[in-house]
Engineer: 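So that we are looking at the same thing, I have put the structure below in structure tokens.
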Amino acid sequence: MNKKQVIKVLEEIATYLELKGENPFKISAYRKAALALENDDRSMQQIEDPASLKGIGKGTAQVIDELLETGESVLLNTLKAEVPEGLLALLKLPGLGGKKIAKLYQELGVVDLETLKQACMAEQVQALEGFGKKTEEKILKAVEASSQRPEQFPIEYMLKLSAQIEVVLMNIPAIDRYSKAGSLRRQKEMMKDIDYVIATEQPHEVAEAIKEGLEVSEVTGQGETKMSVILKDEWGVSVDFRFVTEAEFATALHHFTGSKDHNVKMRQLAKAQGEKISEYGVENEETGERLTFTSEKAFFAHFGLCEIPAEIRMGREEIAEAAEREAFDFVTVNHIKADLHMHTTYSDGAYTIEEMAEAARHKGYDYIVITDHSKSLRVAGGLDEKRLLQQREEIERLNANYGSAFKIFAGTEMDILSDGRLDFSNETLEALDFVIAAIHTSFSQDEATIMRRLRQAMENPHVRLIAHPTGRIIGRRKGYAVNMELLIQWARETGTALELNANPSRLDLTSEWVKRAQDAQVKLAINTDAHSLDMLDDMPVGVTAARRGWIRPETVLNTMSRGRFEAFIKEPKNA
DNA sequence: GCCGTTTTCGGCCCGACTGTTTTCAGTCG
């Protein structure tokens with residue numbers, strides 16, 4: 001059994017204990033044990049004594065040892081025999097937790113969604129102690145909605161909704177300031193809902209104005225300090241607004257940004273020095289005095305930490321690292337000097353070379369690379385050698401006008417054909433400034449075939465970058481079968497860079513893999529792959545994804561100055 | 001179930017809101 005499987009069993013045990021209405025601390029002990037394994041970089045085999053990890057004690061270590069020896073857990077098997085499997089789905093219904101589900105099971109014989117629905121319709125649920133008419137109605141509604149609604153939504157969709165929300169927030173005068181919080185601020189790839197923290201002296205007025213301005217289908221909660229609504233969008237996404245005073249804003253923002261695990265660790269740290277963290281500030285447990293902070297940076301500084309970027313607050317090693325460092329020296333949008341991957345009307349882009357160049361120049365970039373598709377990708381209007389040459393001539397004319405103010409480099413996003421051949425000859429590639437290679441066809445080939453294709457591209461002396469290395473679309477398409485460890489190793493051996501595609505539905509490579517790539521001294525490029533002017537605006541999403549992977553500016557090709565980049569593309573690969 | 005430069009027992013992160021209750025448990029983030 002590998003570590004992933006062991007983690008899964010520990011989490012399963014926790015879930016079953018929850019369904020039994022067990023002691024919450026016992027439940028979280030199993031979750032903590034799973035987390036301890038997950039946060040350790042070693043493989044299961046490399047961890048000699050699991051009990052030596054913080055969070056794993058006698059009981060959980062015994063389960064782990066048993067799993068490694070026999071491949072199963074008596075405890076889990078017993079739980080499974082005791083608790084109907086159909087109850088697992090009930091935990092996902094809002095308003096239902098382990099205690100209530102245990103009661104429904106014991107008193108009414110509810111075993112799954114269907115029997116729960118029947119119990120509600122027979123009005124048996126409202127008769128239970130601790131339940132009532134309203135609860136029964138809520139449960140029934142939730143059961144009916146559960147069949148059609150995904151649990152989590154891709155970031156691309158949530159970013160669009162949040163842009164609409166912010167148009168409303170921006171125009172409410174009673175709001176002093178606001179910020180995204182939660183998973184959206186941490187830029188998780190998939191998330192359940194959207195969170196905002198709002199500084200205001202008039203929470204009631206703001207709540208009313210939000211309800212007025214947004215298309216809301218239901219207000220699911222409203223109190224003095226918070227409001228939760230369901231949007232009238234395709235899926236009925238839920239949005240939480242937290243209202244705080246200006247003084248509380250920094251601690252509230254930290255609190256509602258999470259992650260939960262990060263917050264737990266911060267609070268333990270505070271507790272060890274006699275303080276208590278809440279969304280309202282940091283309280284001295286002895287004197288009761290409460291401190292607030294002007295920024296998250298000041299908040300972290302109070303605990304002897306440098307500012308921890310929101311996107312790495314996962315409750316892993318970031319707090320220990322923050323105690324050691326002056327700052328996290330990650331890449332920022334300001335480091336980005338260029339975009340190395342974009343399309344024009346020559347292939348499937350919506351704007352001309354000049355229009356793309358002008359938009360990039362207005363973003364403050366110093367250079368760009370035009371990389372239209374190559375001839376085999378007919379659906380995208382890929383360029384043949386003749387059109388490529390014409391394009392190059394147009395680029396030279398535009399460059400002549402720019403003088404030293406800006407530069408357009410001529411490139412291609414060359415197709416790696418299904419049989420591994422490349423779409424252009426070396427003679428053609430030699431005439432280009434920057435060559436990207438990518439897979440666009442035959443996604444379902446087996447790993448060996450896909451890897452052979454990638455290998456051939458990487459071995460080519462002109463191919464500088466592999467674009468969107470897995471081809472996934474978040475929440476929709478898994479991507480092709482890439483052995484990522486091998487790909488990173490080859491990238492290192494051949495001096496080929498890998499792309500972090502900034503398109504919010506791609507973000508490919510993931511943060512975990514760009515981190516591994518950086519550790520292997522592989523260069524990365526953060527590119528928008530823009531097919532239109534507004535897609536050039538995706539760069540910050542890509543940069544944040546890179547920061548999630550702890551990427552430093554020197555790892556990223558497009559942080560190079562133009563002069564440095566020109567020298568770089570003249571050097572042979574692996575120089 | 002885990003943990004202890006206060007501790008081998010008694011805590012375990014903290015607070016808001018809802019719906020059920022007459023003072024609070026359960027759920028959520």
Side-chain angles (χ1 to χ4, degrees), chain A residues 10 13-14 17-18 20-36 50-64 75 90-104 125-139 142 181-186 188 191-197 203 207 219-228 238-244 248 251-283 285-286 290 315:
Chain A
L10 290 170
I13 291 174
L17 292 174
E18 202 176 345
K20 286 188 69 182
E22 266 278 7
N23 174 3
F25 297 109
K26 188 170 168 180
I27 297 166
S28 85
Y30 280 93
R31 299 230 158 92
K32 275 184 191 156
L35 204 64
S52 65
L53 295 182
K54 197 167 154 24
I56 298 181
K58 239 174 77 186
T60 45
Q62 195 266 322
V63 172
I64 295 169
L75 174 58
L90 307 192
L91 272 176
K92 305 219 161 104
L93 300 177
L96 280 190
K99 296 238 167 92
K100 283 192 167 161
I101 293 172
K103 194 152 202 175
L104 289 165
V125 173
Q126 55 175 289
L128 288 182
E129 195 193 334
F131 291 71
K133 211 173 164 61
K134 272 195 164 170
T135 308
E136 186 176 83
E137 281 167 17
K138 255 188 153 171
I139 292 174
S183 329
L184 185 63
R185 180 160 181 246
R186 301 199 318 278
K188 273 189 72 190
M191 63 197 86
K192 254 170 68 180
D193 62 5
I194 295 177
D195 295 292
Y196 278 94
V197 175
V219 178
T220 50
Q222 190 169 2
E224 291 297 303
T225 64
K226 67 178 278 192
M227 175 171 72
S228 303
S238 146
V239 188
D240 289 342
F241 300 94
R242 293 293 301 226
F243 308 117
V244 297
E248 294 158 350
T251 43
L253 181 57
H254 175 264
H255 178 264
F256 292 110
T257 296
S259 67
K260 204 178 158 191
D261 293 332
H262 170 88
N263 285 355
V264 167
K265 284 201 170 169
M266 285 298 295
R267 283 172 173 169
Q268 287 166 343
L269 187 68
K271 211 172 168 135
Q273 59 185 62
E275 292 177 319
K276 197 170 80 177
I277 299 176
S278 80
E279 52 262 59
Y280 303 115
V282 176
E283 194 181 307
E285 293 197 303
E286 224 167 274
R290 184 182 278 165

Engineer: Mind checking side-chain contact (heavy atoms from CB on, under 4.5 Å) for A:Glu224 and listing every partner two or more places apart, or none if nothing turns up?
Structural biologist: none
Engineer: Compile the donor-acceptor pairs under 3.5 Å between side chains in residues 28-35 of chain A and protein atoms, sequence neighbours left out, one pair per line.
Structural biologist:
unit_1  : atom_1 : unit_2  : atom_2 : d
A:Ser28 : OG     : A:Phe25 : O      : 3.4
A:Arg31 : NH2    : A:Glu18 : OE1    : 2.8

Engineer: Which value, in whole Å, describes the distance between the C1' atoms of nucleotides B:dT20 and B:dC24?
Structural biologist: 9 Å
Engineer: For the pair made of CD1 in A:Ile277 and C1' in B:dC14, what is the distance, rounded to whole Å?
Structural biologist: 10 Å
Engineer: If the C1' atom of B:dG4 is compared with that of B:dT8, how far apart are they to the nearest Å?
Structural biologist: 8 Å
Engineer: Is the phosphate of B:dG15 approached by A:Lys226 (side-chain N or O, under 4.0 Å from OP1 or OP2)?
Structural biologist: no
Engineer: Between B:dC17 and B:dC12, how many Å separate the two P atoms, rounded to a whole number?
Structural biologist: 23 Å
Engineer: Tell me every residue that passes salt bridge (charged side-chain N to carboxylate O under 4.0 Å, His left out) with A:Lys20, counting only those two or more places apart in sequence or in another chain.
Structural biologist: A:Glu82
Engineer: How about A:His262 and A:His255: are their ring centres within less than 6.0 Å of each other?
Structural biologist: no
Engineer: Tell me the interatomic distance from A:Glu136, atom CD, to B:dG19, atom P, rounded to whole angstroms.
Structural biologist: 14 Å
Engineer: Is A:Lys276 salt-bridged to A:Glu285, cutoff N-O under 4.0 Å?
Structural biologist: no
Engineer: Roughly how far apart, to the nearest Å, are B:dT21 and B:dT27 at atom P?
Structural biologist: 15 Å
Engineer: NA contact type, A:Lys103, heavy-atom cut-off 4.0 Å: base, sugar-phosphate, or nothing?
Structural biologist: nothing
Engineer: In this structure, how many angstroms lie between the P atom of B:dG29 and the CG atom of A:Leu184, rounded?
Structural biologist: 15 Å
Engineer: In whole Å, measure the gap between the P atoms of B:dT23 and B:dC28 for me.
Structural biologist: 25 Å
Engineer: Specify the separation, in whole Å, of atom CD of A:Gln222 and atom P of B:dT18.
Structural biologist: 8 Å
Engineer: In whole angstrom, what separates A:Met266's CE from B:dG15's P?
Structural biologist: 16 Å
Engineer: Is the shortest heavy-atom distance from the side chain of A:Tyr280 to the side chain of A:Thr225 under 4.5 Å?
Structural biologist: yes
Engineer: If the cut-off is 4.0 Å, is A:Thr60 near the phosphate of B:dC2, judged by side-chain N/O to OP1 or OP2?
Structural biologist: yes
Engineer: Can you tell me how far P in B:dG10 sits from the matching atom in B:dG15, rounded to whole Å?
Structural biologist: 24 Å
Engineer: Of A:Ala29 and A:Gln268, whose nearest nucleotide on DNA chain B comes first from the 5' end?
Structural biologist: A:Ala29
Engineer: Taking the six-membered ring of A:Phe131 (Phe, Tyr or Trp), confirm whether the NZ or CZ of A:Lys103 is under 6.0 Å from its centre and within 45° of its axis.
Structural biologist: no
Engineer: Does a side-chain N or O from A:Tyr196 land closer than 4.0 Å to OP1 or OP2 of B:dG29, or not?
Structural biologist: no
Engineer: Please tell me if A:Lys58 has a side-chain N or O lying less than 4.0 Å from either OP1 or OP2 of B:dC3.
Structural biologist: no
Engineer: Partners of A:Thr60 by side-chain hydrogen bond (donor to acceptor under 3.5 Å, both in side chains), sequence neighbours excluded?
Structural biologist: none
Engineer: Any strand is fair game: report the nucleotide pairing with B:dC24 by Watson-Crick or G-U wobble, both distances under 3.5 Å, or none.
Structural biologist: B:dG19
Engineer: Can you list the residues that meet the salt bridge (charged side-chain N to carboxylate O under 4.0 Å, His left out) rule with A:Lys92, with sequence neighbours excluded?
Structural biologist: A:Glu151
Engineer: What are the two closest heavy atoms between A:Leu253 and A:Val197, and how far apart are they?
Structural biologist: CA-CG2, 4.1 Å
Engineer: Heavy atoms under 4.0 Å, any strand shown: does A:Gly182 hit a base, just sugar-phosphate, or nothing?
Structural biologist: nothing
Engineer: Without decimals, in angstroms, what is the distance between A:Arg242 CZ and B:dG15 P?
Structural biologist: 11 Å
Engineer: Where the side chain of A:Thr135 is concerned, which of B:dG15, B:dT20, B:dC17 is the nearest nucleotide?
Structural biologist: B:dT20
Engineer: For A:Phe256, answer base if it contacts any base atom (sugar-phosphate contacts may also be present), sugar-phosphate if it contacts only those atoms, and nothing otherwise; contact means non-hydrogen atoms under 4.0 Å.
Structural biologist: nothing
Engineer: Which residues satisfy the salt bridge (charged side-chain N to carboxylate O under 4.0 Å, His left out) test with A:Lys26, sequence neighbours excluded?
Structural biologist: A:Glu22
Engineer: Of the nucleotides B:dT20, B:dC14, B:dG15, which has the atom closest to the A:Lys134 side chain?
Structural biologist: B:dT20
Engineer: Can you tell me how far C1' of B:dA16 sits from CG of A:Asp195, to the nearest Å?
Structural biologist: 14 Å
Engineer: Looking only at side-chain atoms of A:Thr225, point me to the closest of B:dG15, B:dA16, B:dT18.
Structural biologist: B:dA16
Engineer: Please identify each residue that fulfils salt bridge (charged side-chain N to carboxylate O under 4.0 Å, His left out) with A:Glu279, with sequence neighbours left out.
Structural biologist: A:Arg242
Engineer: Closest approach to the side chain of A:Asn23, judged atom by atom: which nucleotide of B:dG29, B:dG1, B:dG15 is it?
Structural biologist: B:dG1
Engineer: Select one nucleotide: of B:dC12, B:dG29, B:dG15, the one nearest the side-chain heavy atoms of A:Ser278.
Structural biologist: B:dG15
Engineer: I want to verify the glycosidic state of B:dT7; is it syn or anti under the 90° rule?
Structural biologist: syn
Engineer: Can you tell me which nucleotide in B:dG29, B:dG19, B:dG15 comes closest to the side chain of A:Lys276?
Structural biologist: B:dG15
Engineer: Report the residue (A:Gly59 or A:Asp240) whose heavy-atom-nearest nucleotide on DNA chain B is the more 5′ of the two.
Structural biologist: A:Gly59
Engineer: How does each nucleotide of nucleotides 5-11 of chain B score, in 5' to 3' order, for protein heavy atoms under 4.0 Å: base (B), sugar-phosphate only (S), or none (-)?
Structural biologist: -------
Engineer: Scan nucleotides 21-27 of chain B nucleotide by nucleotide, 5' to 3', and note B when protein non-hydrogen atoms come under 4.0 Å of the base, S if they reach only the sugar-phosphate, - if neither.
Structural biologist: -----SS
Engineer: Specify the separation, in whole Å, of atom CD1 of A:Ile56 and atom P of B:dC3.
Structural biologist: 9 Å
Engineer: Taking the same atom, C1', in B:dT6 and in B:dG11, what whole-Å distance lies between them?
Structural biologist: 13 Å
